[in-house]
Amino acid sequence: MIQLAAGGGESYEAPTIAEFWQPLVGDGAFALTRSMVVFAVVAIVISVVLLSITSKLKVVPGKAQFLVEGTYGLVRNGLARDIIGAEKFKPFLPLLFALFTVILVNNLMGVTPFITFPTFSRIGYAIVLTAIVYFTYHGVWIARLGVIGWLKSFVPPGLPGWIVPFMWVLEFMTYVITRPLTLALRLFGNMFAGHFMLLIFTFGGEYLLFHASGFLPVTGALAYVFTLVMYGFEVVVQFLQAYVFVLLTCVYIAGAVADEH
Amino acid sequence: MTGNIAFLGYGIAAIGPGIGIGLIFAAYINGVARQPESRSVLQTIAFTGFALTEALAILGLVFAFLFKS
């Protein structure tokens with residue numbers, strides 16, 4: 001980029017992490033940020049769409065009803081029933097479906113024109129969802145076995161005695177530290193990295209197109225074509241992350257409600 | 001040339017998860033191609049494995065920003 005700056009007059013400035021902090025009203029810890037507005041809009045949109053479609057269900061579904069039924073079927077049959085088990089999945093279904101729709105629509109806001117901000121590229125949102133999942137599956141687990149049984153059940157039965165303390169430490173770290181950490185970071189990291197990549201493509205393409213000299217504007221146009229390809233790729237990643245988040249929630253809950261580990 | 005070696009480190013760290021995810025989906029595609037009716041069972045296993053492997057790459061990204069300063 002140093003040579004480009006010499007050729008084009010203005011110097012190229014790469015987008016920074018500051019692009020993700022966009023307060024609209026106020027500043028500091030109590031600012032109203034763009035991500036908060038997007039999340040509120042998404043919550044209203046999901047509620048209105050789901051309520052309006054499910055309040056007048058037809059035997060022969062139209063397009064919208066087919067889409068909602070397909071989403072619900074994916075979460076209910078494809079994830080919850082298959083992983084948690086046919087007897088025990090029902091109490092968790094509202095949580096799982098809410099998680100899936102909230103994450104999916106919030107992620108898709110990252111490629112929606114005029115909004116283009118994935119809410120979960122701010123880590124706080126991912127941490128809140130992870131905290132809900134974390135307390136749910138540990139709460140269910142403790143309610144089933146009691147605190148002592150919960151601590152005992154980390155180690156699978158049938159191990160030789162000397163290895164049990166080591167295994168307990170490892171498993172404790174997995175269940176209590178690694179799982180919530182990776183669950184939150186996975187969603188945040190994917191959304192953050194994906195949005196950042198799109199920012200770099202558009203900023204760099206704009207620079208090459210309008211401020212660079214010689215044949216470089218051609219590469220800028222190519223960069224914009226590639227940005228469109230990347231948008232398509234982002235949609236796949238965003239759907240996949242919503243799916244994976246709910247999948248892992250199901251796996252964790254299944255481990256908590258299963259009779260043996 | 002200026003920059004930060006932490007991001008070079010992240011590039012190297014992403015090789016491992018990249019190979020791992022490739023292996024997982026190669027096995028998944030193989031399994032579905034040989035036995036299409038096992039798709040629903042394999043899908044869960046494949047995506048759980050994918051999520052676990054991907055966690056390494058995401059941890060690398062976070063550590064790259066953490067050790068940047």
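In the text below, chain A, chain B and the rest are named by the order of the sequence lines, each starting its count at 1.
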Neighbours of chain B found in residues 93-101 of chain A - heavy atoms under 4.5 Å: none
Centroid-centroid under 6.0 Å between A/Tyr175 and A/Tyr134 rings: no
Within the 6.0 Å centroid threshold, strictly below: A/Phe196 and A/Phe192: yes
[X] versus chain B, heavy atoms under 4.5 Å apart: side chain, backbone, both or neither?
| X | result |
| --- | --- |
| A/Ile83 | side chain |
| A/Tyr243 | side chain |
| A/Ile123 | neither |

Would you call the rings of [X] and [Y] parallel, tilted or perpendicular if under 30° counts as parallel and over 60° as perpendicular?
| X | Y | value |
| --- | --- | --- |
| A/Trp150 | A/His138 | perpendicular |
| B/Phe67 | B/Phe63 | parallel |
| A/Tyr137 | A/Tyr252 | tilted |
| A/Phe172 | A/Trp168 | parallel |

Proximity breakdown for B/Leu52 and chain A, heavy-atom pairs closer than 4.5 Å: backbone
Criterion side-chain contact (heavy atoms from CB on, under 4.5 Å) against A/Phe117, the qualifying member of A/Met109, A/Met191, A/Arg34: A/Arg34
Distance-only donor-acceptor check, side chains A/Asn190 and B/Glu54, under 3.5 Å: yes
Selection from B/Ala55, B/Ser40, B/Ala57 maximising heavy-atom pairs under 4.5 Å formed with chain A: B/Ala55
